[in-house]
Amino acid sequence: MLIDAHCHLDFSEFDHDRTEVFEAAKAVGVARFVVPGTTRARWQQVLALGERDDTSVCLGLHPYFMQQHQEADIEALDQLLGEHPEAVALGECGIDGRFSDTLNAQWHYFDAQLRLAKHYSLPIVVHCVHANDKVAKRLRQLALPQAGLIHAFSGSIEQATKFLDLGFKLGLGGAVTYARAKRLQRTVKALPDDAFVLETDSPDMPLSGYQGKRNEPCRVAEVCSVVAALRGQTAEQVATISSHNATTLFGLPHA
């Protein structure tokens, strides 16, 4: 059994063939999907997917979409989390250091969401780009009752250890499949078994060989094979380990 621990199946890129995308993933052994929220405008689409037996959802405000967020969205998120206890995490939230012009606002929304996660005792799904050390420091300061997922991790083993020491899991996806990703591949080899989950970030972050194409949850099976080869494990072992980690992290139903 495989779990795609991070896929944006609510996005419009899947509007014309969403059912087929689920079926293609199931055909290669993907049994569960975790769909994070990104903007207030899309929360209802995310919640609708959560009505499926095979899909779990998160609710949050993504730092990439800062121009769409408003202060009232924090209060709305608070209310929605209270109304939907089926949400398995708060997210996707975090910091994207590529966008320096919005960094102050990003930290404002990130901190507000961390406080909500603490209030509801929810794990968090963290988008962290060019900000590993600062985000790790902030998470350590806050001492959240639940840890969470560092989505699309691509850092060093030293950076990984900072998150692991706080109880977080690391999301491994398409980035690990590129030959040039030597540092990440060294990190993956060194991780303990309880440190990671597998994900695609569909429709984004295509795997090597699929550049320019829409990413899909079925390709988490290929991520699994690459991770297994790096770690000297079988694909079946990595599937079992990563799915156990995702199930534990998000409190998912056991298959």
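As the structure is a prediction and not an experimental result, all values here were calculated from the model.
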Gap between atom [atom2] of [Y] and atom [atom1] of [X] - 0.5 Å precision:
{"X": "C93", "Y": "L114", "atom1": "SG", "atom2": "CG", "result": "5.5 Å"}
{"X": "I3", "Y": "S56", "atom1": "CD1", "atom2": "OG", "result": "8.5 Å"}
{"X": "L149", "Y": "E92", "atom1": "CG", "atom2": "CD", "result": "9.0 Å"}
{"X": "L116", "Y": "I124", "atom1": "CG", "atom2": "CD1", "result": "11.5 Å"}
{"X": "D4", "Y": "D201", "atom1": "CG", "atom2": "CG", "result": "9.0 Å"}
{"X": "E23", "Y": "T19", "atom1": "CD", "atom2": "OG1", "result": "6.5 Å"}

Do the side chain of [X] and the main chain of [Y] share a donor and acceptor less than 3.5 angstrom apart?
{"X": "W43", "Y": "G60", "value": "yes"}
{"X": "Q113", "Y": "L61", "value": "yes"}
{"X": "R183", "Y": "S154", "value": "yes"}
{"X": "K118", "Y": "P145", "value": "no"}
{"X": "S121", "Y": "Q146", "value": "no"}
{"X": "S225", "Y": "A221", "value": "yes"}
{"X": "T234", "Y": "Q237", "value": "yes"}
{"X": "Q185", "Y": "V176", "value": "yes"}
{"X": "S156", "Y": "Q159", "value": "yes"}
{"X": "K213", "Y": "P206", "value": "no"}

Do [X] and [Y] belong to the same hydrophobic cluster, where Ile, Leu, Val, Met, Phe, Trp and Tyr are linked whenever their side-chain heavy atoms lie under 4.5 Å apart, directly or via other members?
{"X": "V57", "Y": "F250", "value": "no"}
{"X": "V126", "Y": "M66", "value": "yes"}
{"X": "F65", "Y": "M205", "value": "no"}
{"X": "I150", "Y": "L142", "value": "yes"}
{"X": "V21", "Y": "L207", "value": "yes"}

Requested in this report: Describe, in one word, how the ring planes of H8 and F11 are oriented to each other, choosing from parallel (under 30°), tilted (30 to 60°) and perpendicular (over 60°).
Outcome: parallel
Decide, yes or no, whether a salt bridge links [X] with [Y] under the criterion of side-chain N to carboxylate O below 4.0 Å.
{"X": "R231", "Y": "D193", "result": "yes"}
{"X": "D17", "Y": "R214", "result": "yes"}
{"X": "E20", "Y": "R18", "result": "no"}

Is it the case that over 12 heavy atoms from other parts of the model lie below 6.0 angstrom from the [atom1] atom of [X]?
{"X": "E75", "atom1": "CD", "answer": "no"}
{"X": "N104", "atom1": "CG", "answer": "no"}
{"X": "H108", "atom1": "NE2", "answer": "yes"}
{"X": "H84", "atom1": "NE2", "answer": "yes"}
{"X": "Y64", "atom1": "OH", "answer": "no"}

Going by atom types alone, do [X] and [Y] pair a side-chain donor with an acceptor below 3.5 Å?
{"X": "T200", "Y": "N215", "result": "no"}
{"X": "T55", "Y": "R32", "result": "no"}
{"X": "H62", "Y": "Q68", "result": "no"}
{"X": "D96", "Y": "H127", "result": "yes"}
{"X": "E222", "Y": "Y210", "result": "yes"}

Minimum heavy-atom distance between [X] and [Y], given as atom pair plus value:
{"X": "L9", "Y": "P217", "answer": "CD2-CG, 3.7 Å"}
{"X": "V197", "Y": "S242", "answer": "CG1-O, 4.0 Å"}
{"X": "L122", "Y": "A87", "answer": "CD2-O, 3.6 Å"}
{"X": "A152", "Y": "E199", "answer": "N-OE2, 2.6 Å"}
{"X": "V223", "Y": "G174", "answer": "CG2-N, 4.3 Å"}
{"X": "L47", "Y": "L80", "answer": "CD1-CD2, 4.0 Å"}

**Report entry** Candidate pair L90 and L59, rule side chain to side chain contact (heavy atoms under 4.5 Å, CB included), full reasoning
**Finding:** CA-CA 5 Å; L90 191 153; L59 296 170; over 6 Å; no
Report yes if some heavy atom in the side chain of [X] is under 4.5 Å from a heavy atom in the side chain of [Y]; otherwise report no.
{"X": "V28", "Y": "V30", "answer": "yes"}
{"X": "L191", "Y": "L164", "answer": "yes"}
{"X": "L198", "Y": "V227", "answer": "yes"}
{"X": "R40", "Y": "L77", "answer": "no"}
{"X": "Y178", "Y": "L184", "answer": "no"}
{"X": "L81", "Y": "H119", "answer": "no"}
{"X": "Q45", "Y": "L49", "answer": "no"}
{"X": "K162", "Y": "F168", "answer": "no"}

Query raised in the report: Mind checking whether H69 and Y109 have ring centres under 6.0 Å apart?
Result: yes
Query raised in the report: Is the ring centre of F196 less than 6.0 Å from the ring centre of F153?
Result: no
Query - Stepwise side chain to side chain contact (heavy atoms under 4.5 Å, CB included) check, V129 with I95 - result: CA-CA 6 Å; V129 178; I95 301 295; over 6 Å; no
Query raised in the report: After noting the C-alpha distance and the side-chain angles of F163 and D165, does the key distance pass the side chain to side chain contact (heavy atoms under 4.5 Å, CB included) rule?
Result: CA-CA 5 Å; F163 291 122; D165 287 348; over 6 Å; no
Query raised in the report: Between D194 and H244, does a side chain to side chain contact (heavy atoms under 4.5 Å, CB included) hold up when you go through it step by step?
Result: CA-CA 9 Å; D194 63 355; H244 172 77; over 6 Å; no
Requested in this report: Kindly indicate whether a cation-pi arrangement holds for R52 with F22, taking the cut-offs as under 6.0 Å to the six-membered ring centre and within 45° of the axis.
Outcome: yes
